[in-house]
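This report concerns only the one structure given below.
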Amino acid sequence: MAVAGSGSPRARRTRASRARVSTAAAPAAGDQSPDDAERAGQERLAWLDIPRSGKISETIARDILDDIVVHKLPPGTMLASEAVMLDRYGVGRASLREALRILEIHGLIKIKPGPRGGPVVAEVTSSDLGRSATFFFHAVGATFADLIGARLAIEPLMAGLAATNLTAEGAEELNRALVDHERDATRPASSWGRTSAGFHVIVNGLSGNKVLDLLGRALLDIHASRTQTEFPVSGRGDVSRAHQRIAQAILDGDADAAEQRMRRHVQAQITNVRQTRPELLDELIDWR
């Protein structure tokens, strides 16, 4: 990892802070008097001066995360030794270890045991986000109905974006998914379930929006963990045809059709839950 300096996390944040202060201090446009403009600038600066609360360990955790992102460290990369990190971040051993524990809880790193062990960059997955999200969903009393309602809101949007942003590589991936549907049409429910959910994961990724993609996959993970769908062979044809229609709209670059078809498809899933497992709708999304 890079040593501290002009490219360190603290230095980057300092430059960003100075840029925000400079912007905030600029006179407002319009007919304001110089005194009004000065007061407005002072108010904005006062807002920037509001103390930010946070433990040292949380600050260091953010710095380590920043380093991993800025230096594009891939999964499996061993981070620096404890001695090096203590010097780089200028903190005590207890704060550093707590920071690493925070990152481990969130799934960003794994602690490799043994004499040659230490913190290792882990692959960020939607299940990590889903696990964290269920803590807050549980706290606010969110239900399974809220979850599938959220899917209904964002998945059609992502299908439309997928049609707009489709690349040649994305088209190949989508066509492979349709081939998988045919292959798994009569296979065990576990295989079909992965294939069916995998189609939604692919469409999410083709949207080109990393926030929607990760959130959408996390919602799918939570959904799958709360249901034990049997996927009878007799009902797979409807799902496969719906996926084919969605895929064709995306391949045609028809965003409106892709969005409408995905909305109908997710709505059909919701209707199926209401008919077959209505008690699930009011079930609390517990933290797990």
Side-chain angles (χ1 to χ4, degrees), residues 125-127 130 144-209 212-281:
T125 67
S126 57
S127 61
F144 190 79
D146 294 321
L147 178 78
I148 55 180
R151 286 190 56 200
L152 182 61
I154 69 171
E155 289 194 42
L157 172 61
M158 285 189 282
L161 289 172
T164 301
N165 300 320
L166 188 66
T167 63
E169 294 79 5
E172 291 180 4
E173 187 177 13
L174 202 54
N175 281 314
R176 285 196 299 270
L178 297 180
V179 171
D180 291 342
H181 276 60
E182 296 181 6
R183 181 198 65 200
D184 295 339
T186 57
R187 288 191 174 185
S190 58
S191 296
W192 171 254
R194 285 192 296 271
T195 298
S196 179
F199 175 82
H200 289 261
V201 171
I202 290 171
V203 173
N204 291 354
L206 295 179
S207 71
N209 186 302
L212 288 174
D213 177 24
L214 188 58
L215 176 59
R217 287 188 285 128
L219 295 179
L220 286 169
D221 290 337
I222 298 171
H223 186 142
S225 70
R226 265 60 178 182
T227 58
Q228 298 294 328
T229 309
E230 295 298 330
F231 296 112
V233 174
S234 60
R236 297 178 189 178
D238 291 340
V239 174
S240 183
R241 283 187 290 273
H243 286 180
Q244 288 172 355
R245 288 192 290 268
I246 295 166
Q248 191 58 58
I250 294 173
L251 292 169
D252 291 341
D254 191 337
D256 289 339
E259 186 170 342
Q260 292 169 7
R261 292 173 186 179
M262 179 62 85
R263 181 173 290 105
R264 286 198 296 268
H265 175 49
V266 177
Q267 184 62 64
Q269 293 181 329
I270 295 174
T271 299
N272 181 62
V273 171
R274 285 175 176 161
Q275 292 175 345
T276 60
R277 297 192 61 190
E279 75 285 353
L280 189 61
L281 297 174

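Residue numbers run from 1 in the order of the sequence given.
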So do the side chains of [X] and [Y] get within less than 4.5 Å of each other, counting heavy atoms only?
X: His181; Y: Gln244; value: no
X: Leu281; Y: Ile148; value: yes
X: Glu155; Y: Leu220; value: yes
X: Leu161; Y: Glu259; value: no
X: His200; Y: Gln269; value: yes

Would you check if the side chain of [X] reaches a backbone N or O of [Y] as a donor-acceptor pair within less than 3.5 Å?
X: Ser196; Y: Trp192; result: no
X: Ser225; Y: Ile222; result: yes
X: Asp180; Y: Thr195; result: no
X: Asn165; Y: Ser207; result: yes
X: Ser240; Y: Arg236; result: no

Testing the basics here: between [X] and [Y], what is the closest heavy-atom pair and its distance to 0.1 Å?
X: Gly130; Y: Ala218; value: N-CB, 3.8 Å
X: Arg241; Y: Asp238; value: NH2-OD1, 2.6 Å
X: Arg226; Y: Leu280; value: O-CD1, 3.9 Å
X: Ala163; Y: Ala249; value: CB-O, 4.2 Å
X: Leu178; Y: Phe199; value: CD2-CE1, 4.5 Å
X: Ala171; Y: Leu251; value: CB-CD2, 3.7 Å

Requested in this report: For the residue pair Gln248 and Arg261, confirm or rule out a side-chain donor-acceptor distance under 3.5 Å.
Outcome: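 Short answer, no.
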At what distance, to the nearest 0.5 angstrom, does [atom1] of [X] lie from [atom2] of [Y]?
X: Leu219; Y: Ile154; atom1: CG; atom2: CD1; value: 5.0 Å
X: Arg264; Y: Thr271; atom1: CZ; atom2: OG1; value: 13.0 Å
X: Leu152; Y: Met262; atom1: CG; atom2: CE; value: 11.0 Å
X: Ile246; Y: Gln260; atom1: CD1; atom2: CD; value: 12.0 Å
X: Leu174; Y: Glu169; atom1: CG; atom2: CD; value: 13.0 Å

Report task. Decide, yes or no, whether a salt bridge links Asp213 with Arg217 under the criterion of side-chain N to carboxylate O below 4.0 Å. Result ->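 Looking at Arg217 together with Asp213, the answer is yes, because their closest N to O distance falls below 4.0 Å.
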